[in-house]
Amino acid sequence: MNYVFNWTVIEKNIGAMIEALGFGLLMAVVAIAAGSVIGLLLAFLAVSKSKAAKRAVQLFVTIFRNTPILILVFIAYFGLPTIGITLSKVPSFVVTLALYSSAYMEEVFRAGLEAIPKGIIEAGQAIGLTRWTIRVTIELPIMFKKVLPSMGNYLISLFKDTSIASSITVGELTYLSKCLTTQTFRVFEIWLTTGALYVVACYLIAFILRRIEKRFV
Amino acid sequence: MIYFQNIYNLRDNVITGFLNTFSIALIAIILGTLIGIIFGMVLTYAKKPVQWPIRIYVDIMRGLPVLVTVFVVYYFLNSVLNMLFGFQMDANTSGAVALTLFSAAQMTELTRGALQSIPAGQIEAGRAIGLTFPQIFVKILLPQAVVQMIPPWINSATEMIKASTLLGMIGIVDLLLVTRQIVAKYNDALVYYVIIGCFYFILNTLIEFFGKRLSKRVNYLEKAAR
Amino acid sequence: MSEALLKFENVSKSYGDFNVFTDISLEVHEKEVVSIIGSSGSGKTTLLRCINLLEPFQAGKIILDGQEIGYHEVNGKRKRVSEKEIAKQRAMTGMVFQQFNLFPHMTAKKNVMLGLTHTKKMPVAEAEKLAEKWLSAVGLQDKMDNLPGQLSGGQQQRVAIARAVAMSPKILLFDEATSALDPELVGEVLNVIRNLAKEGATMILVTHEMRFAYEVSDKVIFMDSGKIAAMGTPKEIFEERPTERLREFLATFNTGKAE
């Protein structure tokens with residue numbers, strides 16, 4: 001009962017906290033952009049005729065989906081330097097997150113591509129379009145419209161995953177809050193604010209994404 | 001295999017890590033499922049004012065990263081408990097509470113989704129033949145909801161296992177924390193992190209595999225029963 | 001008589017052990033309208049899809065405008081032609097599908113333009129004019145900027161016809177073009193097809209509309225379990241009904257003679 005509230009630590013650091021939150025979002029956006037490109041290539045491989053390609057994609061996806069992301073982060077940041085691949089912490093984390101998201105995006109894109117009625121592709125063939133023209137002018141636009149909401153949801157999920165970067169001392173919000181905790185021990189104020197910032201940010205992002213989706217659909 | 005020899009050298013820690021990881025993940029999955037089913041029912045069938053607190057809880061959990069949930073429970077919730085009741089949870093309990101909160105929120109949404117997807121006409125049809133609501137729920141709604149819920153439930157269970165690796169961040173001796181200790185002692189970070197990665201990968205893939213078999217089986221039984 | 005525009009020479013098609021049709025030979029001349037009738041599973045739709053090269057076939061030749069399509073001989077072996085060549089040959093035929101298959105993310109006009117700009121490499125302005133012309137011809141001048149989802153089934157099918165016709169194909173293929181439509185919308189689509197016939201388009205119709213086939217065709221083919229069971233003028237097929245199977249088949253329709 002003797003806890004005395006003291007909000008000065010928040011007042012002093014709120015600007016830095018919001019900035020750190022923005023940095024997390026930035027990492028998530030870069031990761032999902034790169035992950036979408038890789039995921040799209042994987043999805044096209046997965047719907048191709050080659051059985052070997054299908055299996056390889058399946059294996060890649062299962063590995064990244066069934067291994068905890070924190071371990072992937074450790075493998076990339078602590079493990080890879082032992083065989084001479086050294087990335088500094090931010091690129092290392094973003095690359096890991098991008099690969100991690102590419103596995104998920106592959107599944108989303110593949111489902112989107114498979115859901116396109118075969119007849120629509122045949123209609124493209126019937127007017128003499130080549131395979132690549134059909135892919136670019138018909139399949140991709142239809143698929144993207146369909147998967148846009150899932151991509152938005154996944155961006156939010158990745159944004160939340162950036163909190164894991166704190167484990168390798170990347171300066172996003174969770175790491176900043178941990179540092180503030182050890183400096184000031186104002187645990188109540190710091191973690192109430194941190195939690196609230198994440199929740200508000202997630203709903204704000206969701207709101208903005210829904211606005212953007214409406215423009216496209 | 002020098003690596004496995006080294007792991008064996010720290011077997012006590014490995015066993016502690018293993019037990020901690022699994023007891024906490026298991027508690028989160030079981031308690032989370034029970035709480036989630038009850039909350040999901042409330043969100044589907046109870047009056048609005050009763051729904052509100054649960055709705056708020058689920059929505060907050062959806063906006064919180066798991067790791068932040070772990071910290072919030074460990075630091076914030078503990079300081080609240082200390083203020084109000086003068087006690088604190090240890091790290092292990094905090095971790096279990098955090099993962100349970102996370103899992104229960106997911107299960108609430110799963111249950112609500114499954115129950116709401118059943119056409120309302122079925123409740124009316126049940127009433128029409130004179131069944132009470134509990135009877136309708138047990139005989140008509142629940143069997144259909146369960147079939148639908150198994151695949152996402154399995155998914156959520158593997159997510160809980162993955163989330164348990166975050167517990168080392170508040171000092172719980174979980175498998176990943178033990179791995180960090182091994183790396184600190186013997187170096188070779190890549191090898192040990194890949195080994196622990198493989199362990200989780202195989203575990204989750206097995207859960208996924210048996211989950212698929214289970215849902216096939218339930219689907220089959222469900223069809224056979226008709 | 002002049003050389004046929006489309007010729008089947010002993011064409012056979014099977015899926016594994018199952019023969020869809022065997023040893024089909026037939027000719028379609030310029031400006032001819034040919035209807036193919038028969039119960040479902042008789043192979044008529046697959047036959048049409050072979051002409052559009054949407055289905056591979058195992059033996060025989062399909063010759064369109066003097067050129068074999070789909071396959072060629074390499075060192076005495078029958079080989080499928082390249083993907084690019086197939087695309088080119090497909091553009092020589094126009095296909096109208098049962099399910100319309102419009103591109104859902106494009107307006108009616110864009111649907112018609114896509115083949116013109118990408119296959120025919122036509123400049124956009126020219127393609128747009130042509131699309132407008134054909135959409136007007138099928139009575140959709142005020143729906144050109146609508147998405148398929150905003151159109152009725154009959155309107156969608158008319159867009160699909162405009163899309164096929166705009167490519168100025170040598171032959172138009174209709175695969176049960178009215179089967180997916182509500183009864184009250186069938187008429188508007190048949191009208192468009194009727195007008196095309198009047199203007200001298202070469203067409204093959206796979207259809208269940210017996211009365212329409214009677215009225216519009218020059219030649220009717222009755223297919224039964226993978227064979228051409230009867231072929232003749234509409235009069236011969238619908239009035240004389242030369243075979244037992246044809247009589248049985250036509251009896252399931254409440255029509256036959258133009259009533």
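Labels below follow one simple rule: chain letters A, B, ... track the order of the sequence lines, proteins then strands, and each chain is numbered from 1. Remember, it's a predicted structure, so these values are computed and weren't measured experimentally.
When side chains are defined from C-beta on, A:L87 does not count as touching A:Y77, because their heavy atoms never get closer than 4.5 Å. Contact annotation: the side chain of A:V94 never approaches that of A:P91 to less than 4.5 Å [non-hydrogen atoms, C-beta and beyond]. Taking 4.5 Å as the limit, some side-chain heavy atom of A:L40 sits within range of a side-chain heavy atom of A:M143. Under the 4.5 Å side-chain criterion, counting only non-hydrogen atoms from C-beta, C:S217 is not in contact with C:E32. At least one side-chain heavy atom of A:F109 sits under 4.5 Å from a side-chain heavy atom of A:M151. Side-chain contact between A:I134 and A:Q125: present, with at least one pair of heavy atoms (C-beta onward) separated by less than 4.5 Å. Within the 4.5 Å cutoff, the side chain of C:K79 has no heavy atoms near those of the C:Y71 side chain.
Below 30°, between 30° and 60°, or above 60°: for A:Y198 and A:F159 the angle between ring planes is between 30° and 60°, a tilted geometry.
Contacts from residues 36-56 of chain C to chain A, taken as heavy-atom pairs separated by less than 4.5 Å, involve C:R49, C:N52, C:L54 in sequence order. Interface residues of residues 86-110 of chain C toward chain A, defined by a heavy-atom distance below 4.5 Å and sorted by number: C:A87, C:R90, C:A91, C:T93, C:M95, C:F97, C:N101, C:L102, C:F103, C:P104, C:H105, C:M106.
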Review point. When you look at A:T86 and A:L80, which way does the side-chain contact (heavy atoms from CB on, under 4.5 Å) test go after all the steps?
Key: CA-CA 6 Å; A:T86 307; A:L80 290 184; over 6 Å; no
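Between C:E30 and C:K170 there is no salt bridge, since no side-chain nitrogen of the basic residue lies less than 4.0 Å from a carboxylate oxygen of the acidic one.
When A:I116, A:T133, A:I142 are compared by the number of non-hydrogen pairs under 4.5 Å with chain C, A:I142 comes out ahead.
Of the atoms belonging to A:T137, heavy atoms from both backbone and side chain fall under 4.5 Å from chain C.
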